[in-house]
Number of protein chains: 2
Amino acid sequence: MNSAPDKVTPQGRRPVRVGVVDESELVTTGVEGMLAQHSGRVAVVEPEVAEVVLCDPVGRSLDIEAYLADVARRTHGRVVVYTWRLDQGSVRRAVSAGAQGFVSKAVPADELVRVVELVHRGGTVEAPAPTLAARDSLSVREAEVLSLICRGRSNLEIAAELYVSVNSVKTYIRQIYHKIGVARRSQAVAWGIERGY
Amino acid sequence: MNSAPDKVTPQGRRPVRVGVVDESELVTTGVEGMLAQHSGRVAVVEPEVAEVVLCDPVGRSLDIEAYLADVARRTHGRVVVYTWRLDQGSVRRAVSAGAQGFVSKAVPADELVRVVELVHRGGTVEAPAPTLAARDSLSVREAEVLSLICRGRSNLEIAAELYVSVNSVKTYIRQIYHKIGVARRSQAVAWGIERGY
DNA sequence: GCACTTTTCACCCCTTCGGGCGACCTCTTC
DNA sequence: GAAGAGGTCGCCCGAAGGGGTGAAAAGTGC
């Protein structure tokens with residue numbers, strides 16, 4: 001990767017060293033290209049010596065917690081979850097598992113740099129409130145229930161998790177099916193996963 | 001994007017002009033960086049003047065067929081599906097909808113260039129035939145049933161589609177659940193989609 | 001005030017699903 | 001021939017899911 005000596009910024013600050021862990025060539029190359037536009041503020045280095053580490057724990061054979069623990073073992077930087085998935089549950093798990101920040105792979109370069117610098121300074125970044133519900137014309141509650149359905153929960157489990165009656169859950173499910181145009185749970189799961197729930 | 005004049009290769013061939021459609025800055029930057037390593041063979045240009053167009057129809061608000069029709073309207077190049085998803089069904093739909101090739105976003109740069117050149121020359125690239133059943137220790141029939149479950153079919157629908165009794169379908173489902181370690185359909189759908197069924 | 005949305009809940013009823021048990025057949029391998 | 005794998009099927013039964021109807025409370029906008 002980039003092994004050029006660090007430039008000192010006008011304020012006498014060294015660029016933040018950023019590492020990308022376990023990513024495809026497409027993503028690694030993309031991050032390098034994006035951060036190159038801000039080479040005075042950030043520099044891409046090997047993950048082992050990075051101050052901020054970007055990784056995507058979603059969709060791996062290890063579960064989120066185990067993967068992040070593994071990353072922490074291999075690196076020393078502050079961990080930022082850099083993922084496509086906008087699923088609130090996965091993000092929450094990742095942050096609970098020690099990640100200091102979240103940033104979507106869909107953001108432009110300057111937002112990525114902003115998050116990196118913030119995390120490097122010791123701040124934490126929560127995921128922006130997802131707009132899945134608004135995007136799909138579901139209420140917040142409906143989106144929440146759909147997310148749980150996509151994770152394989154039964155109605156009773158969902159009711160327990162949300163502290164409501166199973167009758168309420170059934171009501172939400174009826175509403176969800178009607179809004180997204182499906183007839184049964186398996187269709188709802190397929191639909192929901194396709195759309196990031 | 002890259003608007004430098006085309007270089008003529010030693011064989012007198014102009015690089016293939018490649019366009020990226022509707023992608024995030026991360027992917028666009030990544031592709032540019034990857035293809036820059038092969039600048040004598042390919043060049044990234046605006047999609048409207050590209051000879052080969054990379055696009056990802058998966059997970060958009062438009063369905064695969066409608067999205068690809070839209071891309072065809074906006075561009076003139078041969079269409080290559082460039083996606084993370086290895087789902088055989090989605091790929092088949094995309095190819096049926098007119099895409100001339102498929103390539104995973106996970107591949108390295110030289111494979112991407114190879115596919116681009118092949119499609120440019122008039123060839124077509126199918127996704128590699130997955131051996132899902134063998135990979136997951138399912139029988140052929142079990143994998144078939146799981147695939148139908150992941151597409152939201154009810155047991156009765158699956159029975160009709162495979163010309164067997166619903167009792168047979170239930171038997172397969174019992175076996176599938178036991179083998180993949182799930183307790184209910186929604187978990188099986190999530191599991192199956194995650195693994196390309 | 002009225003209409004609409006969202007959240008919550010009860011209840012009725014029916015369908016679908018899923019665990020279990022048993023059975024039979026074909027093919028392959030030892 | 002025996003054992004195992006895979007395919008097929010029936011049946012029992014309870015659990016889970018899903019359509020429908022109705023109700024109430026809170027908040028918002030006209």
Side-chain angles (χ1 to χ4, degrees), chain A residues 86 88-89 92 129-195 197, chain B residues 129-195 197:
Chain A
L86 301 179
Q88 185 89 342
R92 195 177 292 121
T131 56
L132 291 178
R135 184 193 70 187
D136 296 321
S137 302
L138 300 174
S139 71
V140 170
R141 200 62 152 173
E142 285 164 351
E144 190 171 17
V145 170
L146 178 56
S147 175
L148 291 169
I149 285 175
C150 290
R151 283 203 249 128
R153 303 283 201 276
S154 69
N155 291 345
L156 269 177
E157 288 173 344
I158 294 173
E161 202 156 330
L162 302 181
Y163 301 103
V164 296
S165 152
V166 74
N167 298 303
S168 302
V169 173
K170 288 183 177 181
T171 299
Y172 294 132
I173 289 174
R174 269 195 299 270
Q175 288 162 182
I176 291 168
Y177 287 4
H178 177 73
K179 286 184 180 179
I180 69 178
V182 301
R184 66 182 70 93
R185 211 173 192 86
S186 51
Q187 290 171 343
V189 175
W191 190 95
I193 288 180
E194 191 77 32
R195 302 177 75 82
Y197 286 84
Chain B
T131 55
L132 296 177
R135 186 194 66 187
D136 297 319
S137 303
L138 300 174
S139 72
V140 170
R141 200 62 153 173
E142 285 163 351
E144 190 173 18
V145 170
L146 179 56
S147 176
L148 291 169
I149 286 174
C150 290
R151 288 205 242 124
R153 304 283 199 276
S154 69
N155 291 345
L156 268 177
E157 288 173 345
I158 294 173
E161 200 155 332
L162 302 182
Y163 302 103
V164 295
S165 155
V166 74
N167 298 302
S168 303
V169 173
K170 289 184 179 182
T171 299
Y172 295 129
I173 290 174
R174 270 196 296 269
Q175 285 162 184
I176 291 168
Y177 288 5
H178 178 73
K179 287 185 181 178
I180 69 179
V182 301
R184 65 181 71 92
R185 211 173 193 88
S186 52
Q187 290 171 342
V189 174
W191 190 95
I193 289 180
E194 192 77 30
R195 305 178 74 84
Y197 286 83

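In the text below, chain A, chain B and the rest are named by the order of the sequence lines, each starting its count at 1.
Rounded to whole angstrom, the span from the CD1 atom of B:Ile176 across to the C1' atom of D:dG7 amounts to 13 Å. In this structure, B:Arg141 places its CZ atom 15 Å from C1' of C:dT26, rounding to the nearest Å. The distance from atom CD of A:Gln175 to atom C1' of C:dT5 is 10 Å, rounded to the nearest whole Å. Taking atom CZ on B:Arg153 and atom P on C:dT15, their separation rounds to 22 Å, with Å as the unit. Between the P atom of D:dA15 and the CZ atom of B:Arg185 lies a distance of 20 Å, rounded to the nearest Å. Straight-line distance from the NZ atom of B:Lys170 to the P atom of D:dA16: 15 Å, rounded to whole Å. For the pair A:Lys179 NZ and D:dG19 C1', the computed distance is 18 Å after rounding to whole Å. Per the geometry, CG belonging to B:Asn155 stands 14 Å off P belonging to D:dG17, to the nearest Å.
When each of B:Leu162 and B:Ser186 is assigned the nucleotide of DNA chain D bearing its nearest heavy atom, the one mapping closer to the 5' terminus is B:Leu162. Looking at which nucleotide of DNA chain C each of B:Ile173 and A:Tyr163 is closest to, the 5′-most match is held by A:Tyr163.
A pairwise comparison of heavy atoms in B:Asn155 and B:Val166 identifies CB-CG2, 3.8 Å as the closest pair. Considering all non-hydrogen atoms of both residues, B:Ser186 and A:Gly152 come closest at OG-CA, 3.4 Å.
In this structure, B:Ile173 and B:Arg185 have side chains that are in contact, with non-hydrogen atoms separated by less than 4.5 Å. Residues B:Leu162 and B:Val145 meet the side-chain proximity criterion, which asks for heavy atoms closer than 4.5 Å.
For D:dA15, the OP1/OP2 oxygens have no side-chain nitrogen or oxygen of A:Ser154 closer than 4.0 Å. A:Ser168 has no side-chain polar atom (N or O) that falls below the 4.0 Å cut-off from OP1 or OP2 of C:dT7. Between B:Arg184 and C:dG18 there is no side-chain polar atom (N or O) within less than 4.0 angstrom of OP1 or OP2. In this model, the phosphate group of D:dG7 is not approached by any side-chain N or O of B:Thr171 to a distance below 4.0 Å at OP1 or OP2.
Across all strands shown, A:Asn167 has heavy atoms under 4.0 Å from base atoms, whether or not it also approaches the sugar-phosphate. Using a 4.0 Å heavy-atom criterion, one finds that B:Glu142 contacts no nucleic acid atom at all.
Closest to the A:Ser139 side chain, of the nucleotides C:dC9, D:dA16, C:dT6, is C:dT6. Of the candidate nucleotides D:dC9, D:dG19, C:dG18, C:dG18 has the atom nearest to the side chain of B:Tyr177.
In terms of polar N and O atoms assigned as donor or acceptor, the side chain of B:Arg174 comes within less than 3.5 Å of the base of C:dG19 in a complementary pairing.
Between the CZ atom of B:Arg153 and the CD atom of A:Gln187 there is a distance of 8.5 Å, given to the nearest 0.5 Å.
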